[in-house]
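So that the names make sense, note that chain A is the first sequence line, chain B the second, and so on, each numbered from 1. Note that the structure is predicted; figures quoted are calculated from it, not measured.
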2 protein chains.
Amino acid sequence: MAEGGPGPGGGESLLFLTDEQLRKGIEAMFFAYRGFTSDPDRILEGLDYGRAHHRALHFIQRSPGTTVNNLLSILGVTKQSLNRVLRTLIDDGLVESRVGRQDKRERHLYLTDRGAVLERELSDAQRARMRAAYRAAGPVAVQGFRTVLEAMMDPDLRRQFLREGGP
Amino acid sequence: MAEGGPGPGGGESLLFLTDEQLRKGIEAMFFAYRGFTSDPDRILEGLDYGRAHHRALHFIQRSPGTTVNNLLSILGVTKQSLNRVLRTLIDDGLVESRVGRQDKRERHLYLTDRGAVLERELSDAQRARMRAAYRAAGPVAVQGFRTVLEAMMDPDLRRQFLREGGP
DNA sequence: AATTTACGTCAGCCTTGTTGACTTTCCAAG
DNA sequence: CTTGGAAAGTCAACAAGGCTGACGTAAATT
């Protein structure tokens, strides 16, 4: 199966699955994730915020007006955990929480101007690294990168991930 | 999108670098890392150990006899943080710490039989997901995956990563 | 002999995750 | 209209796993 299209001859393609190859993949994932988070972390370090705040800002920016419950399932944390982060962002005037118009139980979340500024700064740093890596690796590698990452997600998340921004 | 082909004409290859493409890559990284850690986390959850213990076991398994300082620089944490983890593993008889023969200040770390058993269980779970993703994506994608991950690491780590288990 | 290195440890702090319990608000079904 | 339950918020307590700072010891290096 998955006899990967342009792949090499025949059985050789299975050599990718030695424990040693897999171990290197695992370690690459570990080290790369560190690089991936390091730039935003450095920026946050001065302020009173952490990685959790960055994540909240990111996903509110991505879909303005999202509800708390939405955010909860995307981030995969408890509402108490998210709430603590969200409260500081709201108190500090980076996020605005509007009561729902149809369903007034819901709170819709938006970035304020100041929130958008911080989010930009953080994501600019993260994108810069991503862009450099993409450029260095080339389009074909990027396609493979995305394909493997998607195959590594939990199925429910993958479905959601592929649905939005789809074809 | 997904300009796919091995070598698209000229300027098209830059279309990969839109903010939207980069954002999707960033989110893919976030979601995939969650999947990547979820299986070992689930196993650890019952025991008294966490992700930090898994990391220590992994790197001791990878290079038996490694010193504490070595481990420190690979994991990128403080010695106090590592020590807390290492102490429990040693006390519980999963890791053995031997005084260095040449340099008696150093401690060389080894997995005990029991330690090796747990490490196996954890890495089997993680490898299983990795293997499934690799199989689903195919050899070409795997190559690209590795290339982009390596380009995303901090330069020092990348050098070290590429040196060992090299060509 | 003095200094540096490697390691261990105590103490205290922070972030970010967890459970559990309780309240308020509000929609919707009976 | 009443009530059941979902969505949200809040309080409290706790744990993992980071961090800094300070101190001690043994061994190697200068």
Side-chain angles (χ1 to χ4, degrees), chain A residues 30 33-34 37-38 40-60 65-92 95-109 122, chain B residues 30 33-34 37-38 40-60 65-92 95-110:
Chain A
F30 172 63
Y33 197 78
R34 274 235 299 263
T37 56
S38 62
D41 281 359
R42 215 170 348 258
I43 294 174
L44 264 335
E45 163 174 296
L47 300 80
D48 284 352
Y49 305 123
R51 209 177 283 180
H53 300 83
H54 178 196
R55 288 201 280 262
L57 290 174
H58 173 97
F59 284 105
I60 294 171
T66 188
T67 66
V68 172
N69 248 2
N70 257 335
L71 214 46
L72 235 45
S73 67
I74 288 174
L75 294 173
V77 297
T78 59
K79 65 174 176 175
Q80 293 90 332
S81 198
L82 175 59
N83 196 255
R84 178 172 34 198
V85 165
L86 227 38
R87 201 185 334 162
T88 71
L89 291 174
I90 292 171
D91 289 352
D92 295 354
V95 167
E96 191 189 344
S97 164
R98 299 189 204 146
V99 172
R101 298 180 4 113
Q102 292 175 327
D103 186 336
K104 296 181 194 163
R105 292 167 303 178
E106 296 179 340
R107 307 297 143 97
H108 298 271
L109 303 168
L122 294 169
Chain B
F30 173 63
Y33 196 78
R34 273 235 300 261
T37 57
S38 61
D41 281 359
R42 218 173 343 262
I43 294 174
L44 263 337
E45 160 175 297
L47 301 81
D48 283 353
Y49 304 124
R51 208 177 285 180
H53 299 83
H54 177 198
R55 289 201 280 262
L57 291 173
H58 172 98
F59 284 105
I60 294 171
T66 188
T67 66
V68 172
N69 249 0
N70 256 333
L71 213 48
L72 235 44
S73 67
I74 288 174
L75 294 174
V77 297
T78 60
K79 66 172 178 177
Q80 293 92 330
S81 200
L82 175 59
N83 194 254
R84 179 171 33 196
V85 164
L86 226 38
R87 200 185 335 169
T88 71
L89 291 174
I90 292 171
D91 289 352
D92 295 355
V95 167
E96 192 190 344
S97 163
R98 297 187 205 146
V99 172
R101 299 180 5 112
Q102 292 175 325
D103 187 332
K104 295 181 194 160
R105 292 170 304 178
E106 296 180 339
R107 306 299 143 90
H108 297 273
L109 302 169
Y110 300 87

J.: Please determine if a side-chain N or O atom of A:His53 lies less than 4.0 Å away from the OP1 or OP2 oxygen of C:dT16.
T.: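 Indeed, a polar side-chain atom of A:His53 lies that close.
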J.: For D:dT10, does OP1 or OP2 lie under 4.0 Å from any side-chain N or O of A:Asn83?
T.: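 Yes, such a contact exists.
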J.: Give the rounded distance in Å between these two atoms: CZ of A:Arg87 and C1' of C:dT15.
T.: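 Going from A:Arg87 (CZ) to C:dT15 (C1'), I get 14 Å.
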J.: Any donor-acceptor pair under 3.5 Å linking the side chain of A:Ser81 with the backbone of A:Thr78?
T.: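 No, the answer is negative, given that no donor and acceptor are paired below the 3.5 Å cut-off.
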J.: Can you tell me how far the CZ atom of A:Arg105 sits from the OG1 atom of A:Thr67, to the nearest 0.5 Å?
T.: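 Here the rounded value is 11.0 Å.
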J.: B:Gln80 has an atom CD; how far is it from atom C1' of C:dC7, in whole Å?
T.: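 It works out to 11 Å between those atoms.
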J.: Can you tell me which residue pairs pass the salt bridge (Lys or Arg N to Asp or Glu O under 4.0 Å) test with a partner in residues 45-56 of chain A, sequence neighbours excluded?
T.: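 Output for this query lists A:Asp41-A:Arg51.
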J.: By nearest heavy atom, map A:Arg51 and B:Leu72 onto DNA chain C; which one lands nearer the 5' end?
T.: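 Per heavy-atom nearest nucleotide, the more 5' residue is B:Leu72.
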J.: Roughly how many Å is it from CG in B:Asn69 to C1' in D:dA27, rounded to a whole number?
T.: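 Computing the B:Asn69:CG to D:dA27:C1' distance gives 14 Å.
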J.: For A:Arg84, which contact category applies under a 4.0 Å heavy-atom criterion: base, sugar-phosphate, or nothing?
T.: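 Since a base atom lies under 4.0 Å of A:Arg84, the category is base.
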J.: Any chance you could measure A:Leu109, atom CG, to A:Arg98, atom CZ, to the nearest 0.5 Å?
T.: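 Interatomic distance, A:Leu109 CG to A:Arg98 CZ, rounded to 0.5 Å: 10.0 Å.
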J.: Pick the nucleotide of DNA chain C nearest each of A:Leu47 and A:Gly76; which residue has the one closer to the 5' end?
T.: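 It is A:Leu47, whose closest nucleotide lies nearer the 5' terminus.
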J.: For a quick check of understanding: with a heavy-atom distance under 4.0 Å over all strands, which category does A:Glu45 fall into, base, sugar-phosphate or nothing?
T.: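 It contacts nothing in the nucleic acid.
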J.: What is the distance from CG of B:Leu82 to P of C:dA6, rounded to the nearest Å?
T.: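 That distance rounds to 15 Å.
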J.: Select base, sugar-phosphate, or nothing to describe what B:His108 touches, counting heavy atoms under 4.0 Å on all strands.
T.: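 Touches nothing.
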J.: When you measure from the side chain of B:Asp103, which nucleotide among C:dG17, C:dC7, D:dA27 comes out closest?
T.: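 Of C:dG17, C:dC7, D:dA27, D:dA27 is nearest to the side chain of B:Asp103.
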J.: Under the 3.5 Å rule, do the base of D:dA27 and the side chain of B:Lys104 count as making a donor-acceptor pair?
T.: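 No pair found.
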J.: B:Arg98 has an atom CZ; how far is it from atom P of D:dA26, in whole Å?
T.: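 Going from B:Arg98 (CZ) to D:dA26 (P), I get 23 Å.
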J.: Indicate yes or no: at least one non-hydrogen side-chain atom of B:Ser38 is less than 4.5 angstrom from one of B:Arg42.
T.: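 Yes; the side chains approach each other to less than 4.5 Å.
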J.: In whole Å, I'd like the distance from the CG atom of B:Leu44 to the P atom of D:dA16.
T.: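 From B:Leu44 CG to D:dA16 P: 11 Å.
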J.: Between A:Thr78 and C:dG17, is there a side-chain N or O to OP1/OP2 distance below 4.0 Å?
T.: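 For C:dG17, OP1/OP2 do not have a side-chain N/O of A:Thr78 under 4.0 Å.
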J.: What's the CG-C1' distance between B:Asn70 and C:dA6, to the nearest Å?
T.: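 Computing the B:Asn70:CG to C:dA6:C1' distance gives 12 Å.
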J.: On the side chain of A:Arg105, is there an atom forming a donor-acceptor pair with the base of D:dA6 - under 3.5 Å, no angle test?
T.: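 Yes, the side chain and the base share a sub-3.5 Å donor-acceptor pair.
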J.: Please report the distance, rounded to the nearest Å, between CG in A:Asp41 and C1' in C:dT15.
T.: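 To the nearest whole Å, that distance equals 11 Å.
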